[in-house]
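For reference, the structure discussed in these notes is given below.
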Amino acid sequence: ASDSRVHIVEVGPRDGLQNEKTAIPLATKIELIERLAKTGLGTIEVGSFVAPKWVPQMASSDEIMEHVLQHKISSPVPISYAFLVPNSRGLANATAILQQHADAYVAEVQQARELAESSGESSQAPVFKPAVELAVFAAATETFSQKNLNCDIATSLERFREVISAAKKIFPASVDGQPSPTPLRVRAYISVVLGCPFEGRNVDPKRVAQIATDLLEMGADEIALGDTTGMGTAPRTKELLRSVTAAGVRHEDVALHFHDTYGQALVNTAVGLEHGIRTYDSSVGGLGGCPYSPGATGNVATENMVYFLESLGMKTGVDLDAVADIGSWITGEIGKANDSSVGKAVLGS
Ligand code: HMG
Ligand code: MG
């Protein structure tokens with residue numbers, strides 16, 4: 001991929017909706033996902049296998065996983081649908097659904113292979129982008145870890161080691177006894193990397209770097225650094241990225257996840273771009289907030305992210321007008337103000 005290509009991870013259907021108090025109908029969530037799928041986004045985070053007692057809005061995640069596996073949602077690019085998994089209980093719930101679809105997946109792989117052979121092309125296994133990926137989530141401070149995961153950081157990492165290694169084995173099942181052509185991709189978040197609602201803004205960047213290297217060593221494919229509170233500033237983002245690089249983490253293995261509570265998300269994105277990072281999370285309409293981060297607002301809006309990146313000559317492949325329409329629609333649907341300045345400007349509203 002060229003250096004000007006930026007991958008946007010749309011987290012609206014998960015991070016954007018998880019904190020909404022009123023139950024959003026499944027049909028609305030699915031419509032949101034299907035509309036987003038048509039805009040050129042390559043990854044959409046759509047659910048979370050967490051305790052419904054804590055995050056009731058995500059209770060429909062099993063139905064959403066069923067839906068994305070069962071229906072071929074039309075999209076201009078292959079899409080990976082992401083789901084959070086906090087522990088082995090969550091992984092077991094996800095695995096039960098994934099396994100029901102493993103046969104169909106294998107059949108598809110074989111069909112594609114036969115097609116490639118009959119058309120005289122190479123008989124190598126076709127490369128598929130996995131349709132589903134999972135994400136674990138650690139924290140950079142002990143207090144946040146306790147509030148969000150009900151355990152300390154060390155315990156959470158031990159759990160993630162098991163979750164990651166088990167996740168790598170489940171889906172897709174192997175074809176003809178060969179290793180899986182594309183084992184499930186697992187992202188690992190680290191929250192509160194630039195400020196904690198309980199411990200303040202001085203989060204130790206070296207601690208973050210250590211957690212990141214631990215998670216990569218466990219087999220995580222990507223580290224998503226979460227500015228959960230939006231307290232990050234440009235100088236501290238730079239310091240954090242330097243620490244992470246100094247610990248040996250490659251910039252291509254890092255994604256940045258900025259909440260825009262203080263309006264610094266795009267400034268911090270610019271710092272990330274200079275550092276070589278090419279994956280950024282955002283949420284349509286600026287939806288979102290974390291139930292364990294009081295006062296934190298949504299992720300930076302996807303509309304603002306696309307507009308900003310394209311203005312720098314970067315390529316996102318995302319249709320800004322289409323995302324703006326979706327932002328206006330979904331915020332109306334759930335009775336929130338559209339939090340995307342760019343979305344509103346594009347729509348002239
Ligand atoms: P626990 O340690 O088992 O204890 O769960 P608990 O007391 O918190 O929960 C216990 C109850 O949940 C039990 O049920 C368990 O069986 C059940 P009960 O006996 O009371 O009926 N349970 C589960 N049910 C379904 N699926 C599961 C599961 N696990 C336990 N996977 C746990 C700890 C972390 C699982 C729980 O506290 C939980 O789910 N918390 C919610 C955490 C969460 O969703 N946070 C928001 C997402 S992270 C985020 O937004 C940040 C991010 O965006 C990045 C950033 O911005 O920085 C990713
Ligand atoms: Mg978040």
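In this chain, residues are counted from 1 in sequence order. These numbers were taken from a predicted model, which means no experiment stands behind them.
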Query - Which residues share a side-chain contact (heavy atoms from CB on, under 4.5 Å) with P197, sequence neighbours left out - result: F144, V192, T229, S293, P294
Requested in this report: Check side-chain contact (heavy atoms from CB on, under 4.5 Å) between S165 and all other residues, then give those that pass, not counting sequence neighbours.
Outcome: K169
Requested in this report: Looking only at non-hydrogen atoms, find the nearest pair between G47 and R14 and report the distance.
Outcome: O-CG, 3.3 Å
Query raised in the report: Does the distance from a Lys or Arg side-chain N to an Asp or Glu carboxylate O, for E34 and K29, drop under 4.0 Å?
Result: no
Report summary line: Residue set satisfying ring-ring contact (aromatic ring centres under 6.0 Å, His included) with F49, at least two apart, ordered chain then number -> F83
Query - Any donor-acceptor N/O pair, K21 side chain to N19 backbone, under 3.5 Å - result: yes
Report task. Starting from the C-alpha separation in whole Å, work towards a yes-or-no answer on side-chain contact (heavy atoms from CB on, under 4.5 Å) for F137 and V50. Result -> CA-CA 11 Å; F137 49 103; V50 294; 3.9 Å; yes
Report task. Would you indicate whether E252, at its atom CD, is surrounded by more than 12 heavy atoms from other residues, nucleotides or ligands within a distance under 6.0 Å? Result -> yes
Query raised in the report: Under the ring-ring contact (aromatic ring centres under 6.0 Å, His included) test, which residues partner H67, sequence neighbours left out?
Result: H71
**Report entry** Nearest heavy atoms of E20 and Q57, plus distance in Å
**Finding:** O-NE2, 2.9 Å
Query raised in the report: Say you draw a straight line from CG of L215 to CG of D253; how long is it, rounded to the nearest 0.5 Å?
Result: 12.0 Å
Requested in this report: Not counting sequence neighbours, list each pair that qualifies as a salt bridge (Lys or Arg N to Asp or Glu O under 4.0 Å) and has a residue in residues 293-312.
Outcome: none
Query raised in the report: So if you build clusters from Ile, Leu, Val, Met, Phe, Trp, Tyr with side-chain heavy-atom gaps below 4.5 Å, do I24 and M58 land together?
Result: yes
Requested in this report: May I ask you to decide if S283's main-chain N or O and T302's side chain share a donor-acceptor pair within less than 3.5 Å?
Outcome: yes
Query raised in the report: So does K38 have more than 12 non-hydrogen atoms from other groups sitting under 6.0 Å from NZ?
Result: yes
**Report entry** Heavy-atom closest pair, residues L36 and L41
**Finding:** O-CD1, 3.8 Å
Query raised in the report: Going by atom types only, do Q210 and D214 share a side-chain donor-acceptor pair under 3.5 Å?
Result: yes
Query - Heavy-atom pair of closest approach, residues L134 and M65 - result: CD2-CE, 4.4 Å
Query raised in the report: Do Y280 side-chain atoms and L273 backbone N/O form a donor-acceptor pair below 3.5 Å?
Result: yes
**Report entry** E142: side chain to side chain donor-acceptor pair (under 3.5 Å) partners, not counting sequence neighbours
**Finding:** R207
Query raised in the report: Does one side chain, of H251 or T245, offer a donor that lies under 3.5 Å from an acceptor on the other?
Result: no
Requested in this report: Output all residues satisfying side-chain contact (heavy atoms from CB on, under 4.5 Å) with A322, sequence neighbours left out; order by chain, then residue number.
Outcome: T39, D319
Report task. Using a strict 4.0 Å threshold on nitrogen-to-oxygen distance, state whether R242 and E239 make a salt bridge. Result -> no
Query - Check: H7/T43 side-chain N/O donor and acceptor closer than 3.5 Å - result: yes
Query raised in the report: Which residues pass the side chain to side chain donor-acceptor pair (under 3.5 Å) test with T28, sequence neighbours left out?
Result: none
Query raised in the report: At their closest point, which heavy atom of G285 faces which heavy atom of T331, and how far apart are they?
Result: O-CG2, 4.2 Å
Query raised in the report: Can you find a side-chain donor-acceptor pair between H257 and D227 that sits under 3.5 Å?
Result: no
**Report entry** Test item: side-chain donor near acceptor, S341 and N304, under 3.5 Å
**Finding:** yes
**Report entry** Non-neighbouring partners of E162 that pass salt bridge (Lys or Arg N to Asp or Glu O under 4.0 Å), sequence neighbours left out
**Finding:** none
Report task. Would you please name every residue forming a side-chain contact (heavy atoms from CB on, under 4.5 Å) with R35, sequence neighbours left out? Result -> E31, D325, I326, W329
Requested in this report: Mind checking side chain to side chain donor-acceptor pair (under 3.5 Å) for Y189 and listing every partner two or more places apart, or none if nothing turns up?
Outcome: E45, R187
Query - Note: K315-D3 ion pair, threshold 4.0 Å (strictly below) - result: no
Query - Side-chain donor-acceptor contact under 3.5 Å, N338 with S328 - result: no
Query - Contact list for residues 83-96, test side chain to side chain donor-acceptor pair (under 3.5 Å), sequence neighbours left out - result: none
Query - Minimum heavy-atom distance I8-M305, with the two atoms named - result: CD1-CG, 3.9 Å
